[in-house]
Amino acid sequence: MNKLKVDFNRPVILGNELEYMKQAIESGHISGDGAFTKKCHAFLEEKFGVRRALLTTSCTHALEMSAILLDIQPGDEVIIPAFTFVSTVNAFVLRGARPVFLDVRPDTLNLDESRLEAALTPRTKAVVPVHYAGVACEMDSIMGIAAAHHLAVVEDNAHGLFGKYQGKYLGTFGCLAAQSFHETKNFTSGEGGALLINDPVLVERAEIIREKGTNRSRFFRGQVDKYTWVDIGSSYLPSDILAAFLFAQFEQHEKIQLHRRQVWELYHAGLRDWAAAHEVQLPCVPEGCEQSYHMFYMLLPNLELRQKLIAYLRERGIYSVFHYLPLHLSDMGRSFGGKTGDCPVTERVSDQLIRLPFHNALTSSEQELVIDLLHGFPF
Ligand SMILES: Cc1ncc(COP(=O)(O)O)c(C=O)c1O
C-alpha cells in the first residue's frame, strides 16, 4: 500500500503573499480599505468589467449585504437551488425571506431554469443562481424570466471567478454577485469574499452597509465633512493584511488558472473511459460555458458506492469529500415546508457526489496515484 498522502485541499504561497503582508503592516494601515484592498478592488473591476467591487469578510457576508441592498422584507420569497451551501439561503432568511427551493438540472447541477417560472408568486423578489463548480447556469433564460417579472438576480459565484457564459464573465449578469476567497477556492485569503455590483444604483448604499451603516466612504472621498450613521449595516470589510495575501494570489491568476485547468483535464482524460464503464457521471460543461476549473466531482451510481469509494481512498491516504446536503430536507428547510421528493435530482446527486483532491499545488504524480486507485476500485 502506498505511503503517500494526497490532501483534498492545501493552501499554498504562490508569489508575493508574505512580502505584501509585511508591506501592509509596515505601511501602518492594517484595518480595512488600505492600499491592498484598493488594488484588489481595481483588479476585480478592471478584469471583469464590474461597476464596483468591494472586498468582504466572506462570500456569506457578500450575500448578506445583497439581501439588505435588495430590501428583502419578511414574507418576501427568494428562489434558491436546493443543492447549494447554506449561506446562499441563510443570507435571505436573516432578512425574513421565505426560501423557495428549486431543483437542479441533472447535467450541470445548476438551478433548473425550466422550473423557474412555475415557482414564481407575487411575493417573489429575487432569484439566486449558483454557478456550481464554476459552470454557468443558463443565464439567458434566467435573466429573461427575471426581467419579465421584475426580479433581482444575485449570482452566487462562490466557485465561478473567471468562468464565462456565452463569452461573458460570471458575476457580471446579476445586479449583484458574491465571490468567495475561502481557503478551498481558486484564489484565497483564508476567509474572504467580494461583492460585485453591476447596477450603479446600488453602489453607494453598498459602501454604507459594508461600513457599519455609516457614510465613511463619502467622508474619505471628501464628499461630507463628518461621517455618521445613515442606514443599517455591519462590519463587512476585511483587514488589509488579508487583502495583501489575496492581491498576491490575483497577481498569479494566469498561472493559477492554467494549473487548475491542467488538473481538471488530467482527471477527465484519466477517468473518462473508466467512468463510462462503471456508470459514473463526470462533470458536464455545456456548449457556450467556460468553466472556472474550481473542482472535479463525479457522481457514483448510488450512496453506498460513494461512501465505499471515499473510505477506500482514505484508507490509501487520499482525501476526497462529498458536498451539499439537500437544503429543503435540513431542519431549517423542513421548517419552511421542505419534504422528501420535492427536489428529486438534488436528493439523488447529494448522495452520489464525490469531489477529488484539487488545489493549486496538486502534482500530476499525486493525480496519477488517485486515478490509478480509482481504476482499481472494486465496484
Ligand atoms: C455556493 C456557495 N456559496 C457561498 C459559500 C460561502 O462562502 P464563504 O465561506 O466565503 O462564506 C460557499 C462555500 O463554499 C458556497 O459553496
Side-chain angles (χ1 to χ4, degrees), residues 8-9 11 40 44 53-68 78-94 99 101-105 108-111 126-137 139 142 153-163 170-171 173-174 176-196 210 234-239 242-243 245-246 249-250 260 283 291-297 321-328 330 332-333 343 346 349-350 353-355 358-359:
F8 172 69
N9 181 58
C40 288
L44 292 168
L54 295 172
L55 289 193
T56 55
T57 29
S58 62
C59 179
T60 301
H61 280 167
L63 290 162
E64 286 180 21
M65 284 182 64
S66 304
I68 299 173
V78 178
I79 311 249
I80 315 263
F83 188 66
T84 182
F85 192 65
V86 63
S87 299
T88 319
V89 61
N90 220 358
F92 294 87
V93 169
L94 272 170
F101 294 110
L102 218 60
D103 208 358
V104 294
R105 294 167 49 126
T108 57
L109 318 189
N110 281 332
L111 186 126
V127 50
V128 191
V130 177
H131 305 298
Y132 187 69
V135 175
C137 296
M139 293 312 285
I142 294 171
V153 175
V154 178
E155 295 173 74
D156 181 337
N157 198 29
H159 306 174
L161 200 65
F162 283 100
L170 303 185
F173 288 86
L176 296 163
Q179 301 297 147
S180 176
F181 303 122
H182 177 259
E183 72 168 359
T184 50
K185 303 303 185 292
N186 298 25
F187 304 89
T188 184
S189 50
E191 300 280 352
L195 182 66
L196 306 184
R210 179 168 165 272
S234 191
S235 185
Y236 289 125
L237 68 174
S239 158
L242 292 180
F245 193 99
L246 183 63
Q249 302 240 317
F250 283 166
R260 297 187 78 100
Q291 61 159 318
S292 65
Y293 301 102
H294 172 54
M295 71 166 90
F296 195 91
Y297 72 82
V321 296
F322 57 91
H323 212 184
Y324 312 129
L325 297 176
L327 275 178
H328 63 294
S330 63
M332 279 295 284
C343 300
T346 298
V349 300
S350 171
L353 194 141
I354 176 174
R355 297 167 68 187
F358 205 128
H359 57 77

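Just so you know, ligand 1 is whichever comes first in the structure, and atom 1 is the first atom listed for that ligand. What you see below is based on every heavy atom in this structure, not just the backbone, and it leaves out hydrogens, waters and symmetry mates.
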### Message
I need the contact residues for ligand 1: any residue with a non-hydrogen atom closer than 4.0 Å to the ligand, ordered by chain then number.
### Response
Ser58, Cys59, Thr60, Thr84, Phe85, Thr88, Val130, Asp156, Ala158, His159, Ser180, His182, Lys185, Gly192, Tyr324
#### Entry: Side-chain heavy atoms of Tyr236 within contact of Ile68, under 4.5 Å
yes
#### Entry: Validation row: Leu353, Leu109 side chains within 4.5 angstrom (heavy atoms)
yes
### Task
Measure the shortest side-chain to side-chain distance between Phe162 and Asn186 over non-hydrogen atoms and say whether it is less than 4.5 angstrom.
no
### Task
Evaluate the criterion side chain to side chain contact (heavy atoms under 4.5 Å, CB included) for residue pair Val89 and Phe101; output intermediate values, then yes/no.
CA-CA 9 Å; Val89 61; Phe101 294 110; 4.0 Å; yes
### Task
Would you indicate whether the side-chain heavy atoms of Val78 and Pro99 approach each other to under 4.5 Å?
no
### Query
Taking the six-membered ring where the residue is Trp, are the ring centres of Phe245 and Phe181 under 6.0 Å apart?
no
